[in-house]
Amino acid sequence: MAAHSLDILAIAAHRDDVEQTCGGTLLKMAQHGHRTGILDLTQGEMGTRGTAEDRRREAEKAAEILRVSWRQALDIPDGRVENTWENRLKVARVIREQRPRVVILPYWQGRHPDHYTASVLGYEACFVAGLAKLDVNQGARGQESGASQNAAAFPPHRPFKIIYATLYYDIRPTFVVDITDQFEARFQSLMAYKSQYSDQEAGKDLFPAAAEIRARTEAMARFYGLLGGVNYAEPFLQKEVGLVEDLTLIPVKSI
Ligand SMILES: [Zn+2]
């Protein structure tokens with residue numbers, strides 16, 4: 001089972017969130033030999049354009065472009081991501097099954113309630129997934145002894161590291177990942193969502209045309225690239241401090 005564990009799992013509210021916020025990083029990690037995955041909390045049934053089924057096909061195509069090994073969407077209602085016990089168990093189940101070392105969550109503030117709620121929900125699910133006596137399929141087992149078959153198959157697990165993708169919110173990241181070589185593929189993964197981003201009349205104001213998306217995506221990646229002294233980058237935040245072994249190897253020029 002350990003052989004199939006994910007190294008990195010990105011959790012986000014909507015299909016195409018990950019493509020926008022950390023798709024280049026996921027592709028880069030896959031190119032480095034890491035096993036990556038995406039958990040979308042919702043299926044996109046509230047989208048202005050297209051159906052949840054359209055969205056599923058597009059998400060599969062995008063995952064292929066980003067060389068993601070595993071992708072799944074939960075059945076949490078689109079536009080109504082709530083941090084309930086039931087939803088925490090749903091996410092915790094996935095964390096126990098996929099056993100990621102690193103989890104990428106959205107940043108905990110933002111415009112869209114689904115995004116910031118997904119952040120807190122994801123964090124608390126990581127915590128819950130590590131509770132030794134909790135059967136995530138049946139709820140708390142209390143003092144009852146003996147583990148169910150599922151609990152035995154998927155023992156408690158907590159990721160070692162949780163980082164936050166901050167692209168949706170204007171906050172200074174604690175680090176950026178150089179995606180200069182992945183930028184083009186990441187853009188193509190976003191364009192895989194044809195029902196969202198191709199030129200159409202419906203919802204035109206809400207979903208600008210591909211050329212404008214391109215300009216916007218490029219400007220953001222360039223901005224964070226400049227902060228890191230590279231061409232294109234994606235921004236992240238960690239709550240912990242950075243640990244340094246050798247001062248001469250700290251990247252990013254000061255002066
Ligand atoms: Zn979203």
Side-chain angles (χ1 to χ4, degrees), residues 8-27 36-63 65-66 68 71-84 87 90-91 94 103-125 162-171 173 179 186-198 200 202-210 212-214 216-217 219-221 224 234-237:
I8 301 158
L9 173 65
I11 300 175
H14 312 117
R15 285 165 165 163
D16 92 353
D17 281 353
V18 161
E19 286 78 0
Q20 295 186 52
T21 61
C22 60
T25 301
L26 285 186
L27 174 57
T36 62
I38 299 172
L39 177 66
D40 305 301
L41 299 181
T42 68
Q43 303 192 4
E45 69 277 10
M46 293 298 277
T48 310
R49 295 168 163 189
T51 63
E53 179 54 25
D54 293 333
R55 217 54 72 77
R56 186 192 62 76
R57 275 194 304 269
E58 292 164 352
E60 256 174 38
K61 178 68 190 158
I65 294 170
L66 297 177
V68 165
R71 182 170 207 163
Q72 192 181 302
L74 294 180
D75 57 357
I76 295 175
D78 188 7
R80 227 189 96 189
V81 173
E82 292 173 315
N83 183 16
T84 61
N87 286 345
K90 283 180 187 175
V91 178
V94 171
V103 164
I104 304 175
L105 296 175
Y107 185 60
W108 58 85
Q109 282 178 277
R111 185 189 64 86
H112 197 312
D114 280 358
H115 293 163
Y116 59 75
T117 307
S119 184
V120 185
L121 168 59
Y123 179 88
E124 293 186 5
I162 299 174
I163 61 172
Y164 299 86
T166 62
L167 192 96
Y168 285 155
Y169 193 70
D170 181 22
I171 186 164
I179 59 150
R186 190 198 65 165
F187 183 72
Q188 291 313 320
S189 77
L190 195 54
M191 289 302 106
Y193 292 86
K194 288 195 172 71
S195 69
Q196 285 279 82
Y197 298 118
S198 57
Q200 286 177 31
K204 200 174 182 184
D205 294 338
L206 207 57
F207 302 108
E212 199 184 322
I213 296 271
R214 168 106 200 170
R216 195 185 295 176
T217 305
M220 294 295 271
Y224 290 111
E234 284 171 341
F236 296 91
L237 188 142

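Both counts, for ligands and for their atoms, begin at 1 and track the order of listing.
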Undergrad: Please state whether the separation between the Zn ion (ligand 1) and some N/O/S atom of His112 is under 2.8 Å?
TA: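 Short answer: no, not a single N, O or S atom is under the cut-off.
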
Undergrad: Show, in sequence, the C-alpha distance, side-chain angles and deciding distance for Glu19 and Lys61, and conclude whether the salt bridge (Lys or Arg N to Asp or Glu O under 4.0 Å) test is met.
TA: CA-CA 11 Å; Glu19 286 78 0; Lys61 178 68 190 158; over 6 Å; no

Undergrad: Check His14 and report its N/O/S atom nearest to the Zn ion (ligand 1), by atom name.
TA: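 Of all N, O or S atoms belonging to His14, ND1 is the one nearest the Zn ion (ligand 1).
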
Undergrad: Would you sort out whether Asp16 and Arg55 count as a salt bridge (Lys or Arg N to Asp or Glu O under 4.0 Å), showing the intermediate values?
TA: CA-CA 9 Å; Asp16 92 353; Arg55 217 54 72 77; 5.7 Å; no

Undergrad: Counting backbone and side chain alike, does Asp17 bring an N/O/S atom below 2.8 Å of the Zn ion (ligand 1)?
TA: yes

Undergrad: Write down the atom of Tyr116, the atom of Arg111, and the distance for their closest heavy-atom approach.
TA: CE2-O, 4.4 Å

Undergrad: Please check: side-chain N/O of Asn83 versus main-chain N/O of Thr117, any donor-acceptor pairing under 3.5 Å?
TA: no

